[in-house]
There are 2 protein chains.
Amino acid sequence: MNVVNESPRRKELTRLAAQLFVQEGFDRTTVRMLAQEMGIKSGSLFHHFRDKQEILAAVIEEGTQNALTIARHALEECGDTAEARLHAMACAHLETLLTDRNAHVVALYEWRRLGAAARDHLSHLRDAYEALWEQVIDEALDAGLIHGDRFLVSRFVMGALNWTVRWYDPEGPRKPEDLAHELIAMITPSSHAGR
Amino acid sequence: MNVVNESPRRKELTRLAAQLFVQEGFDRTTVRMLAQEMGIKSGSLFHHFRDKQEILAAVIEEGTQNALTIARHALEECGDTAEARLHAMACAHLETLLTDRNAHVVALYEWRRLGAAARDHLSHLRDAYEALWEQVIDEALDAGLIHGDRFLVSRFVMGALNWTVRWYDPEGPRKPEDLAHELIAMITPSSHAGR
DNA sequence: GGTTTACACTAGCGCTTGCTTGGTTGACCT
DNA sequence: AGGTCAACCAAGCAAGCGCTAGTGTAAACC
């Protein structure tokens, strides 16, 4: 048995699984459906993953890991004004929500189906990501760019951003940067820049 | 068979089902679990509901109906300034999210499990509710209270509010009105009222 | 006093589920 | 040439699933 490797094959299978989990939901996705989508038989699945739950964990880990990478990179690239960093963070969030959409939708909707062990491990990853957000928001508060309670502001912002997966249409006229810009315009009293 | 009545018994069963659906998720909740929670045997369940999906539909309908009622009531009671109406709407939203928490969590997480017919019927209900929001936000835009794109602003606000079900602790120090107030302070450039 | 109605029960059918078992294949290494 | 190993398959098990059929019973109604 294979189980904890990082073979390219496993990565590809994880990607396919994410798509099915979004389409059908984790519970309704059977191992036979997963196997068929991957072009193998259901028994062969358990060569790559210990059990069905491990596939879910792999999907979510992949997505969260990417989000962390992208966000860290964005924060290094951007300037060091509070506004630039806030914008970079929002952009990065929307960008990863878009390109890794399947994985993130799964993370948002199927989190509760994780086993206790996997949930434990992954919530550390998620906490690391959210810490980036709170840091950037702290900076914006200190700079007087926004006002309010740091806890509440960060929750509200993350809520607004994560909710986008329910309505955002990548084919539509709005780009992720537009959304980020508009959101920041909405919460910063100084800037009245419309569109 | 009973099926489409509105007996008080059925209402109570719906409430219990909502709780289980939140705890376990719709798919993992078996008819036997539902029956046990209700103090009957699984077969008897189908005297009250045509099938399992109808239970889900009943849960969501109940929650959405309540949200509509509360929101309409709140809009009648409050004053007619744009700010008062915005605040009333946000309060009503959080209040129903709190008191009918189970039903709304189910609506948010298990919507996709609805059959096509039920989804059709319920999306009309939901649209009616969202129309209230867009109307109030339009008024706030016209009054110059907030700025930005009406579509985006309403999505962002609903996202921030709905996200509260993931972190809000009713036992904590913050009351729903506090949240509503802080959210509105965050998006209205004029008011710098802290807490 | 007989019929209806609402609600519950027992028993189980037919099917699907996640997962296991035991074995085959072909590429690669020595 | 012999051995290793990841990758896959066919077959199937035990458990659990949603749901149905047929029956019992106590209260409500005519």
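Chain identifiers are assigned alphabetically (A, B, ...) following the order of the sequence lines, protein sequences preceding nucleic acid strands; residue numbering begins at 1 within each chain. Just so it is clear, the model here is predicted, and its values are computed rather than measured.
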Peer 1: Between the side chain of A/R85 and the main-chain N/O of A/D80, is any donor-acceptor distance below 3.5 Å?
Peer 2: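 Side chain of A/R85 to backbone of A/D80, a donor-acceptor pair under 3.5 Å: no, none is there.
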Peer 1: How long is the line joining CG of B/L13 and C1' of C/dC7, in whole Å?
Peer 2: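 Value for this atom pair: 11 Å.
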Peer 1: Could you tell me the separation between the CE atom of A/M38 and the C1' atom of D/dC9, rounded to a whole number of Å?
Peer 2: 16 Å
Peer 1: NZ of B/K41 versus C1' of D/dG24: gap in Å, rounded?
Peer 2: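 Roughly 16 Å, once rounded to whole Å.
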Peer 1: Quickly, which of B/R113, B/R112, B/K52 forms a salt bridge (charged side-chain N to carboxylate O under 4.0 Å, His left out) with B/D27? Name it, please.
Peer 2: B/R113
Peer 1: Where the side chain of B/D100 meets the backbone of B/T96, is there a donor-acceptor pair that is under 3.5 Å apart?
Peer 2: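 Answer holds: no.
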Peer 1: Compute the centroid of each ring, for B/H93 and then for B/Y129, and state whether the two points are separated by less than 6.0 Å.
Peer 2: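 Between B/Y129 and B/H93, which both carry aromatic rings, the centre distance is below 6.0 Å.
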Peer 1: Once you round it to whole Å, what is the distance between P of C/dG18 and CD of A/E54?
Peer 2: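 That distance rounds to 15 Å.
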Peer 1: Check the distance between C/dG18's P and A/L20's CG and give it to me in whole angstrom.
Peer 2: 12 Å
Peer 1: What residues, two or more places apart in sequence or in another chain, satisfy side-chain hydrogen bond (donor to acceptor under 3.5 Å, both in side chains) together with A/E130?
Peer 2: none
Peer 1: In whole angstroms, how far is the P atom of C/dC19 from the CG atom of A/L56?
Peer 2: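 The answer, rounded to whole Å, is 12 Å.
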Peer 1: Within this structure, what is the CG-to-C1' distance between A/L45 and C/dT20, rounded to whole angstrom?
Peer 2: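 That distance rounds to 14 Å.
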Peer 1: Give each protein N/O atom lying under 3.5 Å from an N/O atom of nucleotides 12-19 of chain D, with the pair distance.
Peer 2:
residue: D/dG18; atom: OP1; partner: B/K52; partner atom: NZ; Å: 3.0
residue: D/dG18; atom: OP2; partner: B/V31; partner atom: N; Å: 3.0
residue: D/dG18; atom: N7; partner: B/R32; partner atom: NH1; Å: 3.1
residue: D/dG18; atom: O6; partner: B/R32; partner atom: NH2; Å: 3.2
residue: D/dC19; atom: OP2; partner: B/K52; partner atom: N; Å: 2.8

Peer 1: Roughly, in whole Å, what's the span from CD in A/Q36 to C1' in C/dG18?
Peer 2: 17 Å
Peer 1: Using 4.0 Å as the upper bound for N to carboxylate O, is an ion pair formed by A/R174 and B/D149?
Peer 2: yes
Peer 1: Using atom types as modelled and distance alone, determine if a side-chain donor or acceptor of A/H124 lies under 3.5 Å from a backbone N or O of A/D120.
Peer 2: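 It does hold such a pair.
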Peer 1: With a 4.0 Å heavy-atom cut-off, tell me which residues in residues 108-118 of chain A come close to DNA chain D, sorted by residue number.
Peer 2: none
Peer 1: Give me the atom names and distance for the closest heavy-atom approach of A/L125 to A/L68.
Peer 2: CD2-CD1, 3.7 Å
Peer 1: Between C/dC9 and B/S44, is there an OP1 or OP2 to side-chain N/O distance shorter than 4.0 Å?
Peer 2: yes
Peer 1: Do B/F151 and A/W167 make the cut of ring centroids closer than 6.0 angstrom?
Peer 2: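 Yes.
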Peer 1: Picking from C/dA8, D/dC9, D/dA6, which would you name as closest to the side chain of A/H47?
Peer 2: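 Selected nucleotide (nearest to the side chain): D/dA6.
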